[in-house]
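By convention here, the first residue in the shown sequence is residue 1. Treat the numbers as computed from the prediction; the structure is a model and nothing was measured.
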Amino acid sequence: MNGNMAVISAELARSHGWHDRPAFHAPTVSGPASSGSASSGSAVHTHGEVHAAGAGAAAVLAAAGVHPGARVLIALPDSLHLVTAFLGTLRLGALAVFAGPWQSAAEHAGVAAEADPSVVVCPPGLADRFAPTRVVTPDGLAAGRAAAGVQEPAAVPPDAPAYVQYTSGTTGRPKGAVHRHSDPLAYRRAMAETALRMTPDDVVLSVSKACFPYGLGNSVLFPLLTGASAVLWPDRPNVPGLVEQARRHRPTLLFAAPACYARLVAEGDAAAFRSLRAAGSAGEPLPPPLADRVEAFLGCPLLDGLGMTETGHTFISNTVTRRRRGTIGVVLPPYEISVRTPRGEAAAGEQGVLHVRGPSVLLGYHRRPRRTAEVLGRDGWLRTGDLVHVDADGFVHHHGRVDDLEKVGGVTISPQPAELALGGHPAVAEVAVTVVNGEVRAFVVPQTGCPASAELAADLRDLVRSELDVPLTPRTVSFVPALPRAANGKLSRLQLRDRR
């Protein structure tokens, strides 16, 4: 059997009768492709049309010099072009390397230097960044399909490298995690089937973009592997745009990070989301009071979970049938976890460092063997760096990350408890707590309509003091318009620590 994911997904569409069902709702007209400007309309593309376009894209890429084992750098906004470029690359047995179209020239140069691609697929406005590498534009990809014909798929084993996605870089230089052709089948079983019970009737709307692992699973892989459909939203995320997409497409599943949900509750229209049956949260801690407000606003369960670039998608999550407030959920099959302390395996309820093992754990970091060896044991266990404990019912409680631990007055603290306490305050849209010059400081983005004031700062400090240990009480509360974030939306603590 051919393990090529492009072949597997096409065969699923054929054998399950999805061929003529909607796969993607994508813009028909857009602004400059380099910016992903707002669309003026949308079209529905069926599973059959998408797989045919992917086969044609493979022929265009082959004519441009792509061969099995070569690398194709894809720097496109969420669009049908991104999907077909991805499927075309997989069909050739080449390696797809994702980059965000809104990343800086320096970031693009770094990815290109490490990937050394044969071809770059990007908007015309970005072409000069990748010279002298050959560039295929979205228009060229579409126009060339008719002339190039259909490319026969390469036969590859299931564990052959398929694509690379980069870590956020919030704690250091981004690393490219290499995933196999078979890895998406693990994401499907874990999140799509076990946690969400997805069906071909589902419509997915993801705030996270497809150049990032969470978005690739939500917006591309889940629809292709379950017969569902997804909204391909090219714009940079914003609340008015999210509300408009929800009104237009009536999604049943929504995926976003807690900071986005907080803004949505403060600024959005709840009526636009009445079609939802569930929503997923990932990327940062979800304060229980915020989760309560979001569930009331959306009118559906909000399922918190944990995934990472190195596993490709979510491996722990609350589910539509099993959830517990204040936890990140249960371990999803086919994954298993181990919680370890310096003395060995943690006892029941004891806090330790999370390790995970499963079929989608990365092959390694692209051209980073030393970094791979630091996180991936010989037995296949991946050290995630998350601090957790597991309760008697199997629910996992998250306590922050080892990288975020800091010392204050000789005491090691995690900022997460203070962030969760402050994030539950109705006047707080986003918050980060870190140590600057030996002092605990809180950086707060106020909710719309809640002006910054000395009184609010005092209330927030009193809130932490009343709920937590004294070392976690911020010495100062600074109100800021936005928190520094990486391209995928994750908080950049490095930038916060540099503030004076």
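Take R250 and apply the salt bridge (charged side-chain N to carboxylate O under 4.0 Å, His left out) test, not counting sequence neighbours, and it matches no residue. With sequence neighbours excluded, the residues that form a side-chain contact (heavy atoms from CB on, under 4.5 Å) with A228 are M198, D202, T226. Partners of H67 by ring-ring contact (aromatic ring centres under 6.0 Å, His included), not counting sequence neighbours: none found. For R383, the salt bridge (charged side-chain N to carboxylate O under 4.0 Å, His left out) test picks out no residue, with sequence neighbours left out. By the ring-ring contact (aromatic ring centres under 6.0 Å, His included) test, H25 is found to be paired with H249, residues two or more places apart in sequence or in another chain being considered. The ring-ring contact (aromatic ring centres under 6.0 Å, His included) test applied to F24 returns no partner, not counting sequence neighbours. Looking at residues two or more places apart in sequence or on another chain, you find no salt bridge (charged side-chain N to carboxylate O under 4.0 Å, His left out) involving D159. Considering only residues two or more places apart in sequence or on other chains, H108 meets the ring-ring contact (aromatic ring centres under 6.0 Å, His included) condition with F130. Every residue meeting the salt bridge (charged side-chain N to carboxylate O under 4.0 Å, His left out) condition with E244, not counting sequence neighbours, appears here in chain and number order: R248.
By the 30° and 60° cut-offs, the orientation of the rings of W18 relative to H47 is tilted.
Between P158 and H181 the shortest side-chain heavy-atom distance does not fall below 4.5 Å. With a 4.5 Å cut-off on side-chain heavy atoms, D116 and R367 count as touching. Between D304 and T327 there is no side-chain heavy-atom pair separated by less than 4.5 Å. Between V72 and P117, every side-chain heavy-atom pair lies at or beyond the 4.5 Å cut-off. At least one side-chain heavy atom of R485 sits under 4.5 Å from a side-chain heavy atom of L483. Counting only heavy atoms from C-beta outward, the side chains of I337 and L354 approach each other to under 4.5 Å. A 4.5 Å side-chain heavy-atom check between L286 and Y261 finds every atom pair outside the cut-off. Inter-residue side-chain proximity for R91 and L87 is flagged as unmet; no heavy-atom pair is nearer than 4.5 Å.
Geometric assessment of R322 against the ring of F395 yields a positive cation-pi assignment under the 6.0 Å and 45° thresholds.
A salt bridge is absent between E406 and R493: the closest approach of a Lys/Arg side-chain nitrogen to an acidic carboxylate oxygen does not fall below 4.0 angstrom. Here E336 pairs with R357 in a salt bridge; the nearest charged N to carboxylate O distance falls below 4.0 Å. Electrostatic pairing of R263 and E430 counts as a salt bridge here, judged by a charged N lying under 4.0 Å from a carboxylate O.
Judged by distance alone, the side chain of R401 and the main-chain N or O of T384 form a donor-acceptor pair under 3.5 Å. No donor-acceptor pair closer than 3.5 Å links the side chain of N318 to the backbone N or O of G305. Put simply, the side chain of S414 gets close to the backbone of Q416: a donor and an acceptor are under 3.5 Å apart. S219 contributes no side-chain N or O that, together with a main-chain N or O of L216, makes up a donor-acceptor pair within less than 3.5 Å. Listed for the H355 side chain is a donor-acceptor partner under 3.5 Å among the backbone atoms of V353. Using a distance-only test at 3.5 Å, with no hydrogens or angles considered, no donor-acceptor pair links the side chain of D235 to the main chain of P237. Looking only at distances, no side-chain donor or acceptor of Q165 sits under 3.5 Å from a matching main-chain atom of T309. Of the possible donor and acceptor atoms, none in the side chain of Q495 sits under 3.5 Å from a partner among the backbone N and O of S492. Between the side chain of T46 and the main chain of P22, no donor-acceptor pair closer than 3.5 Å is present.
The heavy-atom pair separating P138 from H81 by the smallest distance is CB-CD2, 3.4 Å. Nearest heavy atom pair, residue V356 against residue T311, reads CG1-CG2, 3.9 Å. Residues A63 and R134 share a closest heavy-atom pair of O-NH1, 4.0 Å. Smallest separation of non-hydrogen atoms from S208 and D78: O-OD2, 4.5 Å. Closest approach of P223 to A23, counting heavy atoms only: CB-O, 4.1 Å.
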- Query: Could you walk me through whether T137 and D139 pass the side-chain hydrogen bond (donor to acceptor under 3.5 Å, both in side chains) check?
  - Reply: CA-CA 5 Å; T137 66; D139 287 344; 5.5 Å; no
- Task: Apply side-chain contact (heavy atoms from CB on, under 4.5 Å) to the pair L253 and L205, showing each step before the final yes or no.
- Result: CA-CA 6 Å; L253 297 170; L205 176 56; over 6 Å; no
- Query: For V121 and V135, what are the C-alpha separation, side-chain angles and deciding distance, and is it a side-chain contact (heavy atoms from CB on, under 4.5 Å)?
  - Reply: CA-CA 6 Å; V121 185; V135 168; over 6 Å; no
- Might you work through the side-chain contact (heavy atoms from CB on, under 4.5 Å) test for Y163 and V97, ending with a clear yes or no? CA-CA 6 Å; Y163 68 93; V97 181; over 6 Å; no
- Give the C-alpha distance, both sets of side-chain angles, the deciding distance and a yes or no for side-chain contact (heavy atoms from CB on, under 4.5 Å) between R368 and E114. CA-CA 10 Å; R368 304 276 193 89; E114 188 167 274; 3.2 Å; yes
- Message: Set out, in order, the CA-CA distance, both residues' side-chain angles and the distance that settles salt bridge (charged side-chain N to carboxylate O under 4.0 Å, His left out) for R21 and D201, then state yes or no.
- Response: CA-CA 9 Å; R21 292 186 63 91; D201 293 326; 3.0 Å; yes
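For the atom pair CD1 (I328) and OG1 (T314), the distance works out to 10.0 Å, reported to the nearest 0.5 Å. Going from atom CG of L387 over to atom NE2 of H399 covers 8.0 Å, rounded to the nearest 0.5 Å. Here the CG-OG distance, from L382 to S338, works out to 11.5 Å after rounding to the nearest 0.5 Å. The distance from atom CG of D386 to atom CG of D403, rounded to the nearest 0.5 Å, is 9.0 Å. Between the NE2 atom in H51 and the OG1 atom in T84 there is a gap of 12.0 Å [rounded to 0.5 Å].
Other residues, nucleotides and ligands contribute over 12 non-hydrogen atoms within 6.0 Å of the CG atom of D379.
A salt bridge (charged side-chain N to carboxylate O under 4.0 Å, His left out) check over residues 183-193, counting only residues at least two apart or in different chains, returns the pairs R180-D183, R188-E193. For residues 209-248, every residue pair satisfying the ring pair (Phe, Tyr, Trp, His ring centres under 6.0 Å) rule, not counting sequence neighbours, is listed here: Y214-F255, Y214-H313, F222-H313.
T167 and Y365 share no donor-acceptor pair across their side chains, judged by distance under 3.5 Å alone.
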Would you be so kind as to tabulate the donor-acceptor pairs closer than 3.5 Å made by side chains of residues 5-13, with sequence neighbours excluded?
unit_1, atom_1, unit_2, atom_2, d
S9, OG, M5, O, 2.9
S9, OG, A6, O, 3.2
E11, OE1, R14, NE, 3.1
E11, OE2, R14, NE, 3.3
E11, OE2, R14, NH2, 2.5

